[in-house]
Amino acid sequence: MSDYKDIWVFAEQRDGMIMNVALEILGEARKLADKKGVNVGAVLLGYNIGSLAKELISYGADLVYVVDNPLLLNYTTEGYAKVIADLANEYKPEVILYGATYIGRDLAPRIASKLMTGLTADCTGLDIDENGLLLQTRPAFGGNLMATIKCPDRRPQMSTVRPGVMKKSVKDESRKGQVINYETDIKETDIRTKILNIVKEAKSKVNLEEADIIVSGGRGVGNAEGFKLIKELADVLGGVVGASRATVDAGWISSDHQVGQTGKTVRPKLYIACGISGAIQHLAGMSNSGTIVAINKNPDAPIFKVADYGIVGDLFKVIPALIEELKKVSA
Ligand SMILES: Cc1cc2nc3c(=O)[nH]c(=O)nc-3n(C[C@H](O)[C@H](O)[C@H](O)COP(=O)(O)OP(=O)(O)OC[C@H]3O[C@@H](n4cnc5c(N)ncnc54)[C@H](O)[C@@H]3O)c2cc1C
């Protein structure tokens with residue numbers, strides 16, 4: 001067990017771009033590694049992707065394991081799992097972290113079973129305990145229970161980490177690191193999956209994760225029409241429209257606006273919750289916002305427990321009044 005050291009991050013890239021979640025986990029891995037006094041390794045797989053190693057170093061990696069091979073051009077479960085398991089067997093990391101993207105969620109369990117080790121899915125918190133073990137915290141039972149899980153007897157300790165929860169380090173171009181080019185012996189016959197075609201959906205214009213201001217509507221807005229008022233307030237503030245799942249399920253707004261446990265996790269400077277009760281599954285996605293304002297006609301709504309400012313009232317009266325005042329200020 002003592003042969004195993006370092007904290008690795010799977011540096012998921014698509015089309016030669018590192019995914020944001022990989023940089024977020026790199027930021028967290030940096031903190032954990034500093035606590036343990038070990039190195040952060042980034043694992044970069046693909047074809048013609050070597051130039052990304054520098055970016056990973058500037059975001060906190062000490063070592064970048066680059067595996068550049070035409071067979072790794074597109075993600076395949078078998079190809080990527082084989083290479084990462086081989087790397088782990090050779091270099092023995094103590095921890096490997098993956099983004100809980102559809103690729104990370106597919107890849108990590110396959111590697112865990114190859115390496116016969118433990119995996120915690122969809123973590124929202126990571127820490128190191130007094131014995132140096134990784135504490136992996138994740139919501140369970142629909143977010144009603146937070147479970148903290150350890151893997152004491154197997155290495156590497158592995159987690160997938162929910163996108164949007166951890167914070168990226170500040171990019172530092174002057175950081176130094178080492179690039180390790182790893183030659184894989186992977187063969188075409190190792191990969192049974194044949195990719196015939198990759199279809200890209202038009203990218204959603206809703207960028208909740210990066211927004212500084214989010215105005216969210218819940219069932220209190222009444223119907224699809226009610227979201228016009230939410231949009232108007234968001235526009236006046238230069239923000240983006242969010243929504244509770246109840247409104248998405250009702251078909252009032254598209255699912256790319258959904259905030260919460262099964263939607264996006266957001267961390268804006270300002271979050272305005274309008275007609276949202278504050279169910280635990282909604283709070284799971286927004287309670288780390290800088291300032292939370294709640295508008296709700298029920299003074300006992302749980303959203304007021306997390307709100308920094310609360311307005312008890314009918315949103316159809318409160319929001320137009322807010323818009324009017326905001327327009328005066330910006331005029
Ligand atoms: C496994 C699981 C995952 C889930 N994931 C998510 C998720 O990702 N995101 C999410 O949001 N939910 C999620 N939910 C659903 C969640 O439990 C709640 O049902 C949902 O968040 C409720 O949405 P809401 O607050 O809009 O509606 P309600 O709970 O119905 O609240 C509406 C609120 O509007 C107020 N109101 C009504 N009219 C007005 C008015 N005119 N002016 C002001 N206030 C008014 C009411 O007082 C009330 O507080 C999940 C549930 C489960 C079981």
Side-chain angles (χ1 to χ4, degrees), residues 21 99-102 105 121-125 137-147 160-165 204 206-209 211 214-234 237 239-268 270-289 292-325:
V21 63
T101 60
Y102 69 83
R105 286 170 193 245
D122 208 18
C123 292
T124 55
T137 301
R138 59 154 298 163
F141 296 107
N144 289 315
L145 188 80
M146 295 303 279
T160 61
V161 177
R162 185 180 293 190
V165 179
S204 118
V206 190
N207 199 347
L208 283 173
E209 282 114 327
I214 297 176
V215 184
S216 272
R219 192 139 50 190
V221 308
N223 50 35
E225 191 69 13
F227 266 97
K228 285 196 180 146
L229 191 57
I230 303 295
K231 173 87 169 65
E232 203 181 328
L233 178 57
L237 289 165
V240 174
V241 173
S244 73
R245 173 157 154 184
T247 63
V248 172
D249 288 349
W252 301 348
I253 191 156
S254 64
S255 62
D256 44 5
H257 292 271
Q258 186 186 318
V259 171
Q261 187 195 317
T262 43
K264 305 259 171 62
T265 303
V266 299
R267 199 197 281 268
L270 174 63
Y271 189 92
I272 308 184
C274 312
I276 291 180
S277 60
I280 182 89
Q281 297 88 355
H282 189 81
L283 302 183
M286 46 63 77
S287 54
N288 286 331
S289 304
I292 298 172
V293 178
I295 305 168
N296 196 303
K297 65 181 183 189
N298 174 8
D300 298 322
I303 190 75
F304 287 123
K305 295 206 181 92
V306 299
D308 299 289
Y309 300 96
I311 304 171
V312 177
D314 182 347
L315 67 90
F316 293 102
K317 296 200 179 106
V318 175
I319 297 178
L322 269 178
I323 293 172
E324 199 183 314
E325 287 304 314

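Note that ligands are numbered from 1 as they come in the structure, with each ligand's atoms numbered from 1 the same way.
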Polar contact flag for [X] and ligand 1 (N/O pairs, less than 3.5 Å):
X: V259; answer: yes
X: L315; answer: yes
X: G275; answer: yes
X: Q281; answer: yes

Side chains of [X] and [Y]: does their closest heavy-atom pair fall under 4.5 Å?
X: I214; Y: L270; answer: no
X: T262; Y: Q281; answer: no
X: S216; Y: M286; answer: no

[X] and its side chain to side chain contact (heavy atoms under 4.5 Å, CB included) partner, picked from [options]:
X: I272; options: L237, I311, I319; value: L237
X: V259; options: L283, L208, I276; value: L208
X: D256; options: V206, V248, N207; value: V206

Of the listed options ([options]), which comes nearest to [atom] when hydrogens are ignored and any heavy atom counts?
atom: atom 29 (O) of ligand 1; options: A273, A250, S277, P139; value: S277
atom: atom 49 (O) of ligand 1; options: I311, D300, I319, N296; value: N296
atom: atom 12 (N) of ligand 1; options: M286, R245, K297, K264; value: R245
atom: atom 26 (O) of ligand 1; options: S244, G263, S216; value: S244
atom: atom 11 (O) of ligand 1; options: Q258, K317, H282; value: H282
atom: atom 40 (C) of ligand 1; options: D314, V318, I295; value: D314

4.0 Å heavy-atom contact, G313 with ligand 1: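 Heavy atoms of G313 do come under 4.0 Å of ligand 1.
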
Spacing of CG belonging to L322 relative to CG belonging to L229, to within rounding of 0.5 Å: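 Going from the CG atom of L322 to the CG atom of L229 covers 9.5 Å.
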
Lys/Arg N to Asp/Glu carboxylate O, R105 vs D122, below 4.0 Å: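 Between D122 and R105 there is a salt bridge, with a charged N closer than 4.0 Å to a carboxylate O.
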
